[in-house]
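All remarks here apply to the structure that follows.
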Amino acid sequence: MESLFGDQYDNKDEKSNLFADIILPVPIPKMFTYKIPRNLAESIGIGFRVIVQFGKKKILTGIIGRVHQKPPTSYDAKPILDLLDNHATVNPIQIRFWAWMAEYYCCHIGEVMNAALPSGLKLSSESKIQLNPTFDPDTSPYPLDEREELLLQALANKEEMSYEDCEAVLGIKSIHGILKSLVIKEAIIVFEQVKEKYSPKVESRIRFSHEHVKDKKLLEALFNEIAGKPKQEEILLKYLQEVPVYKKPELNQKGLEKKVISDAGLSASSLKTLIKNGVLEEFKIIISRFEEEEGSNEEIVLSSEQEEAFQQIKKEFEDKNTVLLHGITGSGKTELYITLIKEVLAGGSQVLLLLPEIALTTHMVGRLRQVFGSSMGVYHSKYSDNERVEVWNGVLSGKLSFVVGVRSSIFLPFDSLGMVIIDEEHEPSYKQFDPAPRFQARDAGIMLSWLHQSKTLLGSATPSFETFHNAKTGKYGYVSLEKRFGEAQLPDYYLADILVDKKKNLLKLDFTRLMREKIQEALNNQEQVLIFQNRRGYAPYISCEDCGWIPECEHCDVSLTYHQFGEEMRCHYCGFKEKVPHACSACGSNKLSAVGLGTERIEESLSLLFPEARVARMDLDTTRSKYGYQRLLEDFGSGNVDILVGTQMITKGLDFDRVTVVGIMDADRILYFPDFRAGERAFQQITQVAGRAGRRDKKGSVIIQTRKPEQAIFGQIISGDYKSFYLQEMGERQRFFYPPFVKIIKITTRHKDYKTAEKSARYLHNLMGDIQVKKILLGPEKGLIGKIKNQYIFESIVKLDRTGNAQAHFKQELLHILEEMQAHKDFRGVRFVVDVDPY
DNA sequence: AGCACGCCGACT
DNA sequence: GTCGGCGTGCTC
C-alpha cells in the first residue's frame with residue numbers, strides 16, 4: 001500500500017527537495033503541491049495535518065496525501081507553514097478511501113476531507129486587525145477621514161477586531177478600501193488568526209503541596225498551625241475524608257476535584273487562602289467528555305436459532321466478504337451482533353457498527369453500552385464537535401476499538417477493522433443527499449471493509465433489493481433468522497377500505513370504523529397505539545373552495561403546508577413561512593379549507609375521537625431539540641401517552657411492550673410515490689412499522705387504510721412474503737432498466753433563470769449523449785419540484801451498464817464536460833450536481 | 001468556496 | 001467626480 005504514494009524516505013540526502021501533495025478542504029478537483037521545509041522533512045508523512053497558506057492570505061489545514069520529489073513545473077510551490085501534530089491524523093487506508101469516494105461519487109477529494117474530519121480538526125484562519133503600536137495620530141503625516149477615525153476609535157479599546165466587527169462599526173458592507181488605506185497610513189496591522197477549534201475538557205483539582213505529604217509529622221504540624229482557622233480546617237478535613245492520604249500518600253497525586261469543596265458548601269475564599277499559602281495546590285487535568293463505564297463482561301447466551309445463525313454467518317465469511325443477515329423484527333439481532341463483535345475484538349481487530357440516525361437513540365445503544373462500557377465509542381450527529389474530536393482521537397489512540405455510529409462514522413481513523421456491521425442496511429438515510437460527497441454509507445462501508453481486508457455484515461428485516469440481489473446471485477453470503485425471539489408472535493393485519501367506509505358514511509375524521517374500533521379496544525385494555533402518517537404539519541395544502549386557489553411558496557414550486565402549531569403556512573423545501581390567509585388571494589372568498597392529512601391533523605382528530613386518550617405527536621417539528629426525541633420516547637415508554645402519532649421516526653427502534661395496535665393512515669400515499677423504489681419502500685416501511693405491534697405475550701394488530709385493498713403488495717406484506725414481492729418487482733426493474741440491473745447517475749442542473757437552466761441542461765444532455773458508452777439517457781426534465789429556493793431545476797438520468805468499465809469511463813467524460821461547461825461564460829452561475837446511485 | 005482585481009451606475 | 005456594486009478568474 002505504501003508504494004501507492006511512493007516511498008518518501010527513499011533518498012534521505014535529498015530531503016530538501018521534498019514536496020507534498022496536500023488535500024485541502026476546498027471544492028477544487030485536485031491536490032496542491034507544497035514544498036516541505038528542511039526542518040519538517042524528517043517528521044512529516046502521509047496523513048499528517050499541516051498548515052498552509054492558500055491564496056493571498058487564507059490559512060488552511062491540509063492533509064498530506066502524497067510525498068514526492070517532483071517539483072511542479074508551472075508554478076512555484078509555497079512552503080508548508082507548520083505541522084500540527086507529531087503523528088498522522090489520517091491513515092493511508094483512509095486516504096485511499098477518500099480517493100475512492102471522490103472518484104466514485106464524482107466529487108473532489110477536498111469535499112470528502114471536509115465531510116470526514118470533524119471541524120474541530122480543521123482549523124482555518126480569520127483576518128483580524130489590530131492597532132499598530134507605533135502609530136500616533138498626532139504625529140502621523142497622513143490625514144484620516146471620518147470613517148477611518150471612527151474605526152480607530154472603535155479599535156482603541158480592543159485588542160483586535162474581525163472584518164465583521166469593522167463592518168458593524170461602520171455600518172457598510174465593503175470595508176476593504178478603508179482597511180487598505182489604514183494599513184498604508186501605518187495605523188493598523190492586518191493579521192491572520194488561526195483558531196484551533198477543539199478544546200479539551202479541563203477539570204480543576206486540588207491536592208496537598210508536595211512537602212506536606214512527604215511525612216505525617218508535617219501534616220500534623222500543619223493541622224496544629226491551622227487550628228485557629230475553622231473554615232480552612234474544614235476544607236482540609238473534607239479533603240482528607242475524600243482522599244485518605246494518611247493511609248495512602250500516593251492518592252494525593254490524583255487529588256480531588258475542586259468542585260467537591262464548593263459543592264460541600266465550604267468557603268471558596270478559604271480555599272483560595274490555602275492555595276495562596278502553599279498548603280494546597282491547584283492543578284488541571286484534561287478529562288474525557290464521556291463517562292467512564294465498565295463493560296459487563298457478561299456471557300451472552302444465544303437461543304438455538306441465534307446460535308445457528310451465528311455459526312452460519314461465520315461459515316459464510318469463510319469465502320464471502322459480505323453477508324446479509326435477513327432477520328425479521330424482534331429476532332434478536334442485537335445479541336448476535338454482540339457475540340460477533342466480542343469475537344472480533346478478542347482477535348485484536350476493530351469493529352464499526354453503523355446504525356441509522358434515530359436508531360442510535362434507542363435501546364440498542366444502551367444494551368451495547370452495558371456490555372462494552374466505555375471501550376465503545378458512539379458517534380452521533382447531534383454530538384458537539386468537541387465530542388466528535390474525542391471519538392476520533394479515541395479511535396486513533398486505540399482506546400476505542402469499537403464504534404457505533406451514524407453514516408459519517410465510516411470516516412473515523414480505523415487502522416485495522418475486522419468487521420463492519422451495517423444494521424437496517426436498507427435505510428435510505430444511509431445515503432447523503434447534500435452536500436457532496438453524496439455517498440451511500442452502506443456501499444462505502446463495504447468498500448472500507450474491503451480496503452481493510454475485513455468482513456461486512458448487513459442486517460435487515462426487509463433488505464434493499466440491491467443487497468438481496470447480491471445475496472441471491474452469490475456475491476454476498478445469506479443467512480436468515482426467521483423466528484421471533486422470546487416467542488413473540490407476528491401481528492394480525494387488517495386492510496381497511498377507505499372508499500367503502502366513506503360511502504357508508506363510516507369514515508370519521510379520516511379514520512375507518514375498523515381503525516377506530518381497534519384503537520378503542522387497545523385503550524380499553526390500557527394498551528398503546530401507534531399511528532403512522534409520513535407527512536408533517538396539519539395539512540399539505542389549503543385550497544379555496546370557490547376557485548381552487550392554493551397558496552404556494554414564493555421561492556419554490558410547491559404548495560405551502562398548513563401548520564396549526566404557530567398558525568402558519570410553511571414551505572418544507574426552503575423554510576419559507578407566512579401567516580395563514582383569511583381569504584382567497586385570487587377571488588376573495590373566505591371559504592378556505594385544509595386539504596390532506598398531516599400528523600398535526602391526525603393528532604387533533606384523535607383527541608376528538610378519543611377524548612379520554614392522551615395523544616402525542618412525534619415528527620421533525622416536535623423532536624428538533626437535542627433531546628426532544630428521547631423525551632418523547634421516554635414519555636411513551638413510561639405509559640404517559642396512549643396514542644403516538646408520527647412520521648417515519650416511529651417506524652424504527654421503538655420497542656415497547658404495550659403497543660398492540662399500529663395504524664397506517666394512508667398506505668396509498670406511500671405506494672404511489674413517483675419513484676421506482678416506491679414499492680420496495682412501501683414494503684419496508686409498512687413491515688417496519690407493523691413490527692412495532694405486539695410483543696411477547698400479546699399478538700398485535702396492524703390496520704392498513706387504503707383505497708385499493710386488492711393490490712398484491714398488501715397480501716405479500718401481510719404474509720411476510722418478501723421473496724415473492726421481490727421477484728415480482730425485480731421483473732419490472734429488469735424490464736424497465738432500473739437498479740440493480742443498471743447503475744443510475746442523476747445530473748441536476750440549477751439556475752435562477754428558467755431559460756438558462758433549461759438551455760444548460762439540454763446542452764449538457766446532448767454532450768452526455770455523445771459519450772461512447774452503452775447507456776440509456778433520460779431527460780432533461782423539469783425536476784419533480786420545478787423550483788427550489790428560487791432556483792429552477794432540471795434533471796437528466798443516465799442508466800449505465802453494470803459490467804465492464806462503462807461507469808468509470810462515463811464519469812470521467814462527464815467530469816470533463818462539466819469542467820468545460822463551467823468554464824464557458826454561457827453557463828456562468830449554473831450549478832451542476834452529479835448524484836451517483838441517487839435515492 | 002472565498003477572495004482578489006476590474007469595470008459600470010447613483011450619490012456627494 | 002468617487003464610492004461601492006458585483007462579475008470573473010485563480011488558488012500550489
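A quick note: this is a predicted structure, and the numbers were derived from the prediction, not measured. Order of the sequence lines sets the chain letters (A, B, ...), proteins ahead of strands, with each chain counted from 1.
Atom pair Lys825(A):NZ and dT8(C):P shows a separation of 9 Å (rounding to whole Å applied). Across the protein-nucleic acid pair, Lys78(A) atom NZ and dT11(C) atom C1' stand 7 Å apart, rounded to whole Å. If you take CD1 of Ile64(A) and C1' of dC12(C), they are 13 Å apart, rounded to a whole angstrom. If you measure from atom NE2 of His108(A) to atom C1' of dT11(C), you get 14 Å, rounded to the nearest angstrom. Gln53(A) has its CD atom 7 Å from the P atom of dC12(C), to the nearest Å. If you take CD1 of Ile59(A) and C1' of dT11(C), they are 14 Å apart, rounded to a whole angstrom. Atom NE2 of His68(A) and atom P of dC12(C) are 15 Å apart (whole Å). Between the CZ atom of Arg828(A) and the P atom of dT8(C) there is a distance of 5 Å, given to the nearest Å.
Scored by the salt bridge (charged side-chain N to carboxylate O under 4.0 Å, His left out) test, Arg762(A) finds Glu758(A) as partners (sequence neighbours excluded). Remark: Glu781(A) pairs with no residue by the salt bridge (charged side-chain N to carboxylate O under 4.0 Å, His left out) rule, at least two apart or across chains. Under the rule for a side chain to side chain donor-acceptor pair (under 3.5 Å), the partners of Glu160(A) that lie at least two apart in sequence or sit in another chain are Lys128(A), Gln193(A).
Judged purely by distance below 3.5 Å, without hydrogens or angles, the side chains of Asp675(A) and Tyr839(A) never pair a donor atom with an acceptor atom.
Among residues at least two apart or in separate chains, salt bridge (Lys or Arg N to Asp or Glu O under 4.0 Å) pairs with a member in residues 427-442 of chain A are Glu425(A)-Arg442(A), Glu427(A)-Lys652(A), Lys431(A)-Asp835(A), Asp434(A)-Arg438(A).
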Donor-acceptor pairs under 3.5 angstrom involving side-chain atoms of residues 406-413 of chain A: please list them, not counting sequence neighbours.
from: Arg407(A); atom 1: NE; to: Gln432(A); atom 2: OE1; distance (Å): 3.2
from: Arg407(A); atom 1: NH1; to: Ser429(A); atom 2: O; distance (Å): 2.8
from: Arg407(A); atom 1: NH2; to: Gln432(A); atom 2: OE1; distance (Å): 3.3
from: Ser409(A); atom 1: OG; to: Val406(A); atom 2: O; distance (Å): 2.5

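For the OP1/OP2 pair of dC12(C) and a distance below 4.0 Å, the side-chain nitrogens and oxygens of Tyr34(A) include at least one atom meeting the criterion.
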Check nucleotides 1-4 of chain B for protein N or O atoms closer than 3.5 Å to its own N or O atoms and list the pairs.
from: dC3(B); atom 1: OP1; to: Lys58(A); atom 2: NZ; distance (Å): 3.3
from: dA4(B); atom 1: OP1; to: Lys57(A); atom 2: NZ; distance (Å): 3.3
from: dA4(B); atom 1: OP2; to: His176(A); atom 2: NE2; distance (Å): 2.6

